[in-house]
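Everything below concerns the one structure shown next.
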There are 2 protein chains.
Amino acid sequence: MSGSSTMLVLEDISACGPNATGAPLDRTSAESMAVLLKAVADPARLQLLSILKQASNQQACVCDLTAPLGLSQPTVSHHLKVLADAGLVTRERRGSWAWFTLVPAQLEHLKGFFE
Amino acid sequence: MSGSSTMLVLEDISACGPNATGAPLDRTSAESMAVLLKAVADPARLQLLSILKQASNQQACVCDLTAPLGLSQPTVSHHLKVLADAGLVTRERRGSWAWFTLVPAQLEHLKGFFE
DNA sequence: TATCTATATTGACGAATGTCGATATACAAT
DNA sequence: ATTGTATATCGACATTCGTCAATATAGATA
């Protein structure tokens with residue numbers, strides 16, 4: 001398979017901002033938003049996003065991400081998969097290294113929800 | 001005791017925006033942010049916030065919040081406590097009713113993190 | 001081929017979470 | 001005081017989550 005299990009694309013979150021339509025969030029939209037927020041609501045993943053945001057071209061190799069977090073390599077790999085499944089980062093192989101890149105539009109969606 | 005177990009006040013999140021200082025998020029700041037995000041990363045609580053945001057004066061009685069969620073009264077009460085502990089809403093008794101009010105400044109903090 | 005390095009996956013574990021029914025508490029009104 | 005209503009807490013349960021050690025896979029190099 002090419003993509004990960006539950007990849008969220010941008011179009012999935014149709015109601016950008018909880019009050020775009022004037023009606024309260026229905027359960028389905030709320031669940032979509034919660035999936036995205038749960039992906040971010042973890043200290044390790046917030047640190048990963050923070051490091052990526054400051055990196056040049058907003059991308060970094062896994063080898064640069066493991067040490068600063070103080071977590072095991074499998075755990076960091078797991079967190080990166082969660083972020084990738086939520087569409088917040090993309091994965092790309094270069095030789096034997098894996099590079100992860102921020103998806104700013106998905107972060108915009110999160111921001112948009114709170115205004 | 002007057003306040004709930006782990007009340008987060010605004011001052012607790014010192015680093016507003018992940019890149020306010022230029023340094024990546026340290027584990028402690030990341031954990032503070034995660035507490036706030038976890039409070040929001042749930043469909044029921046997103047619906048509660050959405051309803052409150054549209055209500056006049058951004059406040060509502062519990063009796064108006066239980067039915068739209070389709071969850072039991074204890075469960076809604078639990079979710080409201082989570083939101084209150086995170087400082088996202090405040091609780092106030094009026095007679096035998098409990099009214100909850102949005103704390104917009106705390107939502108601003110969430111928004112600020114993503115820019 | 002064999003070997004080394006970087007990353008991903010698996011399996012297991014304790015901890016936290018969302019939910020409910022039952023019960024307790026707070027307040028109002030008889 | 002008693003009864004009724006609104007809300008909170010308790011106890012239990014299944015599910016999800018974060019973590020690691022062990023292992024598997026992919027790619028580079030010899």
Side-chain angles (χ1 to χ4, degrees), chain A residues 1-7 27 30-31 33-49 51-52 59-86 89-101, chain B residues 1-7 27 30-31 33-49 51-52 59-86 89-101:
Chain A
M1 61 217 114
S2 60
S4 296
S5 44
T6 41
M7 176 70 171
R27 180 78 187 190
E31 278 168 359
M33 253 332 270
V35 167
L36 201 52
L37 284 165
K38 276 181 200 295
V40 173
D42 176 87
R45 294 196 287 272
L46 287 174
Q47 288 188 279
L48 288 172
L49 292 175
I51 294 172
L52 285 175
Q59 57 185 14
C61 174
V62 177
C63 53
D64 296 326
L65 297 171
T66 304
L69 292 211
L71 295 173
S72 74
Q73 175 267 319
T75 300
V76 173
S77 193
H78 160 69
H79 286 305
L80 287 167
K81 178 171 169 41
V82 173
L83 291 175
D85 286 351
V89 302
T90 57
R91 199 174 81 98
E92 180 195 354
R93 279 203 86 105
R94 297 185 195 165
S96 34
W97 290 272
W99 285 77
F100 285 83
T101 307
Chain B
M1 65 219 111
S2 60
S4 296
S5 44
T6 40
M7 176 69 170
R27 180 77 188 190
E31 278 167 359
M33 252 336 267
V35 167
L36 202 52
L37 284 165
K38 276 179 200 293
V40 173
D42 176 88
R45 294 196 287 271
L46 286 174
Q47 288 187 279
L48 288 173
L49 292 174
I51 294 172
L52 285 176
Q59 57 186 15
C61 173
V62 176
C63 52
D64 297 326
L65 297 171
T66 304
L69 292 210
L71 294 173
S72 74
Q73 174 268 319
T75 300
V76 174
S77 193
H78 161 70
H79 286 304
L80 286 167
K81 177 170 170 40
V82 173
L83 291 175
D85 285 352
V89 302
T90 57
R91 199 174 79 98
E92 181 194 354
R93 281 205 86 106
R94 298 187 194 165
S96 33
W97 291 274
W99 286 76
F100 285 82
T101 308

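Predicted, not measured: the structure shown is a model, and the values here were computed from it. Order of the sequence lines sets the chain letters (A, B, ...), proteins ahead of strands, with each chain counted from 1.
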| task | In whole angstrom, give the distance that lies between atom NE2 of B:His79 and atom P of D:dA8. | result | 13 Å
| query | What integer distance in Å separates B:Arg91:CZ from D:dA6:C1'? | reply | 11 Å
| said: Please report the interatomic distance CG(A:Leu83) to OG1(A:Thr90), rounded to the nearest 0.5 Å. | reply: 11.5 Å
| field | Positional range of nucleotides in DNA chain C within the contact set of chain B, heavy-atom, under 4.0 Å | value | C:dG18 to C:dA28
| remark: When rounded to whole Å, the CG to P distance for the pair A:Leu69 and D:dC20 reads 10 Å
| Does a side-chain heavy-atom distance below 4.5 Å link A:Ile51 with A:Leu69? | yes
| note | Atom CG of B:Leu37 and atom P of D:dC17 are separated, to the nearest Å, by 15 Å
Give each protein N/O atom lying under 3.5 Å from an N/O atom of nucleotides 25-30 of chain D, with the pair distance.
none

| message | Assuming nearest nucleotide by heavy-atom distance, tell me which of B:Gln73 and A:Val76 is located more 5' along DNA chain D. | response | B:Gln73
| message | What is the separation between atom NE2 on A:His78 and atom P on D:dT19, rounded to the nearest whole Å? | response | 8 Å
| query | Should B:Leu46 and A:Leu37 count as side-chain neighbours, where that means a heavy-atom distance under 4.5 Å? | reply | yes
| query | Say you draw a straight line from CG of B:Leu65 to NE2 of B:His79; how long is it, rounded to the nearest 0.5 Å? | reply | 12.0 Å
| field | Candidates D:dT7, D:dA22, D:dT19 - which lies nearest the side chain of A:Pro74 | value | D:dA22
| note | note: B:Trp99, atom CH2; D:dA6, atom P; distance rounded to Å ~ 13 Å
| query | Can you find a pair of side-chain heavy atoms, one from B:Lys81 and one from B:Ser77, that are under 4.5 Å apart? | reply | no
| field | Separation of A:Asp42 CG from B:Glu31 CD (nearest 0.5 Å) | value | 9.5 Å
| remark: CZ (A:Phe100) and CG (A:Leu49) are apart, to the nearest 0.5 Å, by 12.0 Å
| task | Find the distance A:Gln47:CD to D:dT19:P and express it as a whole number of Å. | result | 10 Å
| Between D:dT16 (C1') and B:Lys38 (NZ): distance, integer Å | 11 Å
| field | Student check: side-chain heavy atoms of B:Val76 and B:Leu80 closer than 4.5 Å | value | yes
| field | Distance, nearest 0.5 Å, that separates CD of A:Gln47 from CE of B:Met33 | value | 13.0 Å
